[in-house]
Amino acid sequence: MSDYDPQVIEPKWQERWLADGTYEIDNDDPRPPFYVLCMYPYPSGAAHMGHVRNYTFGDLITRYRTMGGYGVLSPMGFDSFGLPAENAAIKTGEHPRTFTDARIEELRSSIRRIGAVYDWRREVHSHDPEYIRWTQWIFLKFLDAGLAYRKEAPVNWCPGCQTVLANEQVLADGTCERSGDVVEKRDLEQWFFRTTVYADQLLDDLDPLEWPERVKVMQRNWIGRSEGAEFDMNVVDADGRAFGGDPDLVLRVFTTRPDTSFGMTYTVVAPEHPLVERITSPERRGEVDAFVAMVRSESEVERQSTDAPLDKRGVFTGSYALNPFTNEPVPVYLADYVLMGYGTGAVMAVPGEDQRDWDFAAAHGLPIIETVQRPAGWTGEAYTDDGPHVNSGFLDGMTKDIAIAAAIDWLEVQGHGERKVNYRLRDWLLSRQRFWGCPIPVVYCESCGILPVPEADLPVLAPDEVEFRPTGESPLREHEGFLHTTCPSCGGPARRETDTMDTFVDSSWYFLRFCDPANDELPFGIDAVSRWMPVDQYIGGVEHAILHLMYARFFTKALSDLGAVPADLREPFSRLFTQGMIRLGGAKMSKSRGNLVTPEHYIESVGADSLRLFHLFVGPPQDDVDWDDKGIEGCHRFLARLWRMARGEVGTIVDREPDAADGAAEAAAHRLVKKVTGDFERWSYNTAVAACMENLNELYRYAQSEAGARRGSLDVAVDFLLLLTAPMVPHLSAELWEQRHGTHVHEQSWPVADEAMLSAETVTMVIQVSGKVRDRVEVAPDISEDDAVALAMASDAVRSHLGDGEARRVVARPPKLVNVVP
RNA sequence: GCCCGGGUGGCGGAAUCGGCAGACGCGGCGGACUCAAAAUCCGCAGUCCUUCGGGGCGUGAGGGUUCAAGUCCCUCCCCGGGCACCA
C-alpha cells in the first residue's frame with residue numbers, strides 16, 4: 001500500500017508525455033483536425049495563477065478532444081518582445097535577449113509542471129530571427145498593398161514609456177494603460193496600418209462567431225459605426241453674403257440626425273479645425289485666439305474631464321453658416337467638445353433634439369426649435385425619441401427613419417452632401433520608439449524616398465552591441481552601424497528606420513505560424529493554414545477583448561485578401577472563451593499589490609492535479625475566482641480518495657453474480673459518463689467535478705456496505721471515473737490507469753454511455769397539492785398518466801391536504817410530477 | 001448617462017427546456033477508530049415553530065402571468081464590468 005504522492009507521479013508522467021511525443025501532431029495526421037489555443041504569454045518568469053487557470057482549461061480540451069478521436073493541434077509559444085526586458089536592460093545592462101531567454105526557460109518549465117501538454121516542436125518566440133523575418137515580410141506585403149503607410153499625426157506620447165501609443169492603449173482618463181502617466185499629444189511622423197478599411201467587415205463578421213456576447217459588444221462599441229449624412233454649408237455673414245467675400249468658403253458637417261436639420265440654430269467647429277482662421281471675423285479674433293490658445297494648453301485629460309460651464313467652453317467666431325434646408329444663416333461657434341479626429345470636425349447643432357446642444361444653446365442664449373412633436377405631457381428638454389416631424393418643411397409629418405432617408409435624398413439631389421458612415425475606429429499606429437521590438441524594414445533614401453528592404457535582405461535585425469541608457473531614446477537611433485545603409489534602388493547612402501513595431505503586431509499572426517512553424521520559404525504555407533484554421537477554441541483573458549482580438553482579426557482579413565491565407569478564412573477564432581480573473585481578499589492578484597499566491601507552492605505541497613482540479617471546481621470558468629486554500633485541500637482529499645478506491649483499498653470486494661446494488665453502481669457509472677460529457681461540452685467543469693465527487697462518494701458507500709462491492713461492477717465504475725478525470729487530473733488518472741491496465745489512459749477512447757443502462761428501474765415522482773410538495777412515490781419511468789394520477793389521489797398526504805374538498809384540477813407530468821389543485 | 005453581466009445557506013457555488021431550491025466542496029456539529037491528536041471513515045445540518053406526526057417562511061425589493069416561478073413579464077434597489085463629449 002502506498003499513499004497518493006503527486007511529487008512522484010507528476011514528474012514521471014510529465015517526462016513520459018514529452019519523451020513519447022504523445023501530444024505532437026503532424027500536418028498529415030489522419031484524424032479530423034481540432035485547433036485549441038491559449039493566448040501565448042509574455043514571458044515574465046514563473047507561471048502565475050492566471051496562467052495556470054488558462055492552461056488548465058486549454059489542456060483539458062486538448063486531452064478531451066484527443067480522447068474523442070481528434071488530431072489536436074495544441075501549440076505554445078512566447079510573446080517575447082516588450083518593454084519589461086528593455087527596462088531591465090537599462091537598469092542592469094543585461095541584453096534584453098539573454099534576459100528574455102532566461103524568462104522563457106522559467107515559464108516553459110513551470111508550464112510543464114502543471115501538466116499542460118503541447119507540441120513543443122512548434123514553439124515560437126516573437127524575438128526569434130526567423131519570426132522577425134516573417135513579421136517583416138508581412139509588413140512589407142501590407143506596405144505594398146497600401147495597408148501600411150506613414151504620416152504625420154497628432155499622436156499619443158507617453159512620457160513614462162518614452163514612446164507613442166495606439167489610441168487603444170490610452171485609457172479613458174487620458175493616461176497610459178501601462179505606466180499610468182498622463183499621455184501627451186505630439187505631432188510626429190508615424191507608421192499606421194489601415195485598419196479602418198476593414199471597419200465594416202470587422203463589425204459584420206462578429207455576428208456568427210461563438211464568442212462571449214460582452215466581448216462582441218466591446219468590439220462593436222470600439223468600432224463605433226454610425227450612419228448619417230455629411231453636407232456643406234456656405235460660410236456667410238449675418239446678412240447671408242459670402243463671408244469675407246469668399247464664395248468658396250464652405251463648412252462640412254457630419255450628422256446622424258439629418259431629419260432634424262430644420263432645427264439647426266447654430267453650428268460648432270473644433271478649435272483645431274483648419275478653417276478656424278478664415279471663418280473668424282476681425283471683431284471676434286481676440287476672443288477666438290484666446291479660446292484656441294486655452295484649449296491647446298490643456299492636456300488631453302483636462303480637456304476630456306473638464307467640468308467648466310458650457311458658456312466658457314465655446315466662443316462665437318463672428319461668421320455664419322447657411323443652413324441649406326432653410327437658407328437661413330446660423331452662427332458658427334468653436335467649442336472644445338467637438339473633436340477634430342471624428343467626422344469632419346464640425347457639427348450642426350440642433351438643441352431641440354440633442355441634450356448637449358440644448359445645454360450649450362441655453363448657456364449661450366441661442367434659439368431652440370422643436371422639429372419632432374413631443375408626446376402629450378412631455379416635460380423634458382431635448383427630445384431624442386421618435387415622433388412626427390414639425391417645423392420641418394418637406395419633412396413635416398414624417399417619422400424619424402423616413403425623415404432621415406428623405407433628408408439625405410434631398411441633400412444628394414440638391415448636391416449639398418450625401419449619405420455617410422463614420423467610425424470611432426482609427427487606423428492602428430504601430431511604430432514604437434523602442435529597441436526591443438521587431439524593426440520596421442524600410443530605409444530612407446535622400447533621392448528615392450521611403451523604400452522597403454528587399455525581401456532577400458530580411459530579417460532586419462537590431463545589432464547586439466548596443467548601450468542601454470535611461471535617455472528614453474532607442475539605442476538604434478545612435479547606432480551608426482545600424483543606421484547607415486545603402487539604398488536598395490539607387491545604391492546611394494540611405495538611413496534605416498529605427499522605429500520598431502508594436503508587440504501587438506507579433507501576436508496578430510502567431511496562431512498562423514503555429515500551423516507551419518518550420519516553413520523557411522513563407523511565414524506559413526496556405527495548405528497548413530487551411531488545414532488548421534480557424535482556431536476551434538481560443539482561450540484567454542478578457543483583458544484582450546478589444547486590442548489583440550481586433551488586430552488579429554484585421555491581420556486575418558488582410559492576409560486573406562492578399563492571398564497569403566485562404567480566401568475563405570475571414571476570421572481567426574471561431575470560438576472564444578474568456579476566463580475569469582483570480583482575486584485574493586477581493587482584490588485582483590498582482591505583484592504590485594503583493595497579494596500573490598504562487599502555483600509553485602501548491603504544486604510542491606498538494607500537487608499540480610489538485611491545483612488544476614481546484615481551478616475547475618471552484619466555479620464557472622468565466623467567473624472571477626476568490627482564492628481559497630481550504631478549497632484546494634478539498635480537491636486534494638477527493639484525489640486521495642480516488643487513489644485508494646482505484647487501488648482496491650476501500651471496503652470489501654468480492655466475486656459474485658450481480659445483484660441490484662451492483663447493477664445500480666454500474667448504472668450510476670453510465671449516467672456519470674453522460675453527465676460529464678455534457679458538462680465538458682458546455683464548459684461546465686465545476687459541475688462535472690461535482691458529479692465525479694458524488695459518484696466516488698456513492699462508490700465508497702457501495703464498497704463499504706455489508707454486502708461489499710462486486711469486483712466486476714466496481715471495476716467498470718472506477719475505470720469510467722479514471723477515463724472521465726483523465727483530462728482534468730492527467731497525472732493521477734494516468735498513473736492509476738497504468739497500474740490497473742498497463743496502458744496509457746490518454747490513448748483510450750472517450751467513454752460512451754450505454755443508453756440501455758441510463759434508464760433507472762424506478763424514479764421518484766413528486767406529488768404536489770397546489771404546487772407544494774406533499775408526497776413522493778417511487779414509480780416506473782414509463783408510468784402512464786392515469787396510473788400517476790391514481791397514485792397521487794391515493795396518497796394519504798394528498799387526502800389530508802385536500803380535506804373534504806374535491807380535486808378541481810389535476811396536472812400530471814409523469815413520471816416527474818403530479819399537481820393536485822383543490 | 002448608455003450598454004452588458006450578476007444578486008440563492010456562515011462561504012464558493014448547483015438547479016441544462018417553467019416542474020423536488022440549496023447538488024458538490026469549504027467551514028461547523030456529532031459519532032467511529034485512537035491513551036490522545038492528526039489522518040481516515042460514517043452521519044447531521046436553509047430558517048423559524050412544533051404536541052416530533054409535521055407545519056409556516058424562504059432565491060435583492062415590490063407587483064404580475066401560471067396548476068406550478070430562482071427561472072418568464074413590469075417597476076425599483078444594490079454590486080461588478082465595458083463605453084462615455086463620437087455629433
Side-chain angles (χ1 to χ4, degrees), chain A residues 3 172-173 212-222 224-226 228 253-257 260 267-268 270 303-306 310 313 335-339 341-350 354-357 359-360 422-425 542 545-546 581 613-614 617-620 622-635 637-638 640-641 644 650-651 675 678-679 681-682 684 686-697 700-701 704 764-776 797 800-801 807-813 816-822:
Chain A
D3 285 342
D173 66 354
E213 198 51 40
R214 63 181 181 134
V215 175
K216 291 200 210 176
V217 167
M218 282 189 240
Q219 295 238 331
R220 287 189 192 109
N221 289 345
W222 194 260
R225 178 188 158 102
S226 59
V253 293
F254 171 71
T255 178
T256 56
R257 290 296 301 277
T260 61
T267 180
V268 194
R303 183 165 168 187
Q304 282 187 16
S305 62
T306 181
L310 276 168
R313 297 183 56 191
D336 64 354
Y337 67 78
V338 175
L339 307 175
Y342 183 80
T344 60
V347 299
M348 70 175 198
V350 185
D354 182 285
Q355 188 59 43
R356 192 188 44 219
D357 291 348
D359 294 337
F360 190 87
N422 259 315
Y423 301 91
R424 218 187 73 115
L425 182 76
V542 75
I546 298 175
M581 275 186 335
L613 193 66
F614 175 74
F617 179 61
V618 69
Q622 66 277 14
D623 288 4
D624 288 352
V625 176
D626 278 306
W627 189 257
D628 175 19
D629 272 335
K630 294 292 183 188
I632 194 169
E633 281 167 33
C635 291
R637 215 168 291 163
F638 164 72
R641 276 162 69 82
R644 290 192 290 273
V650 178
K675 167 74 178 162
D679 283 353
E681 292 292 337
R682 68 186 179 108
S684 184
N686 52 331
T687 56
V689 174
C692 291
M693 288 175 168
E694 199 170 4
N695 182 258
L696 184 63
N697 291 344
Y700 263 69
R701 280 191 286 275
Q704 292 177 340
T764 305
M765 186 173 78
V766 169
I767 301 174
Q768 298 177 328
V769 177
S770 295
K772 290 197 159 111
V773 180
R774 297 300 179 185
D775 204 359
R776 295 180 174 87
S800 73
H801 278 94
R808 197 162 47 85
R809 184 171 172 191
V810 181
V811 180
R813 294 285 180 275
K816 299 198 76 165
L817 159 145
V818 176
N819 189 10
V820 181
V821 187

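Residue numbering restarts at 1 for every chain, and letters A, B, ... go by the order of the sequence lines. In this text, all values refer to a predicted model and were calculated from it rather than measured experimentally.
B:C24 atom C1' lies 18 Å from atom NZ of A:Lys630, rounded to whole Å. Atom P of nucleotide B:C42 and atom CZ of A:Arg644 are separated by 10 Å, given to the nearest angstrom. In this structure, CG of A:Asp628 is placed 10 Å from P of B:C26, rounded to the nearest angstrom. What separates CD of A:Glu633 from P of B:C24 is a distance of 20 Å, to the nearest Å. Put simply, CG on A:Asp775 is 12 Å from C1' on B:C20, counting in whole angstrom units. Taking atom CZ on A:Arg214 and atom C1' on B:G6, their separation rounds to 11 Å, with Å as the unit.
Glycosidic conformation of B:G30 is anti; the angle lies outside 90° of 0. In this entry the base of B:G53 is syn relative to its sugar, with a glycosidic angle within 90° of 0. With its glycosidic angle more than 90° from 0, B:C29 is assigned anti.
Close to B:U66, at under 4.0 Å from its OP1 or OP2, lies no side-chain N or O of A:Asn819. Using a 4.0 Å cut-off, some side-chain N or O of A:Arg641 falls inside it from OP1 or OP2 of B:C42. Put simply, A:Arg356 has no side-chain N or O that comes within less than 4.0 Å of OP1 or OP2 on B:G1. Between A:Gln704 and B:C41 there is no side-chain polar atom (N or O) within less than 4.0 angstrom of OP1 or OP2. Listed pair A:Tyr342 / B:A87 meets the phosphate criterion, a side-chain N or O lying under 4.0 Å from OP1 or OP2. Taking 4.0 angstrom as the limit, A:Thr687 places none of its side-chain polar atoms (N or O) nearer than this to OP1 or OP2 of B:A23. Checking the phosphate oxygens (OP1, OP2) of B:A14, no side-chain nitrogen or oxygen of A:Lys675 falls inside 4.0 Å.
Nucleotides B:G62 and B:C77 are separated by 15 Å at their P atoms, to the nearest Å. For the P atom pair drawn from B:G9 and B:C41, the interatomic distance equals 30 Å after rounding to whole Å. Spacing between B:U71 and B:U8 at atom C1', rounded to whole Å, works out to 12 Å.
Contacts of A:Phe617 classified as ring-ring contact (aromatic ring centres under 6.0 Å, His included), with partners at least two apart in sequence or in another chain: none.
Nucleotides of RNA chain B nearest to A:Arg637 and A:Val820 differ in position, and the one nearer the 5' end is that of A:Arg637. Of the two residues near RNA chain B, A:Glu694 and A:Lys816, the one whose nearest nucleotide lies more 5' is A:Lys816.
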Letter by letter from the 5' end, nucleotides 7-13 of chain B scores (B base, S sugar-phosphate only, - none; protein heavy atoms under 4.0 Å) -----BS

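For A:Tyr337, the listed nucleotide lying nearest its side chain is B:C85; candidates were B:A14, B:C83, B:C85. Picking from B:A87, B:C67, B:C42 the nucleotide with the shortest atom distance to the side chain of A:Val347 gives B:A87.
The closest side-chain donor-acceptor pair between A:Asn697 and A:Arg641 falls under 3.5 angstrom.
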Pairing string of RNA chain B (Watson-Crick or G-U wobble, both atom distances under 3.5 Å; | = paired to other strand) is (((((((..(((......[....))).(((((.......))))).((((....))))..(((((..]....))))))))))))....

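Residue A:Arg220 is out of contact with every strand shown, counting any heavy-atom pair closer than 4.0 Å. A:Lys216 comes within 4.0 angstrom of no nucleic acid atom, judged by non-hydrogen atoms across all strands.
Rounding to the nearest 0.5 angstrom, the gap separating the CD atom in A:Gln219 from the CD1 atom in A:Ile546 is 7.5 Å.
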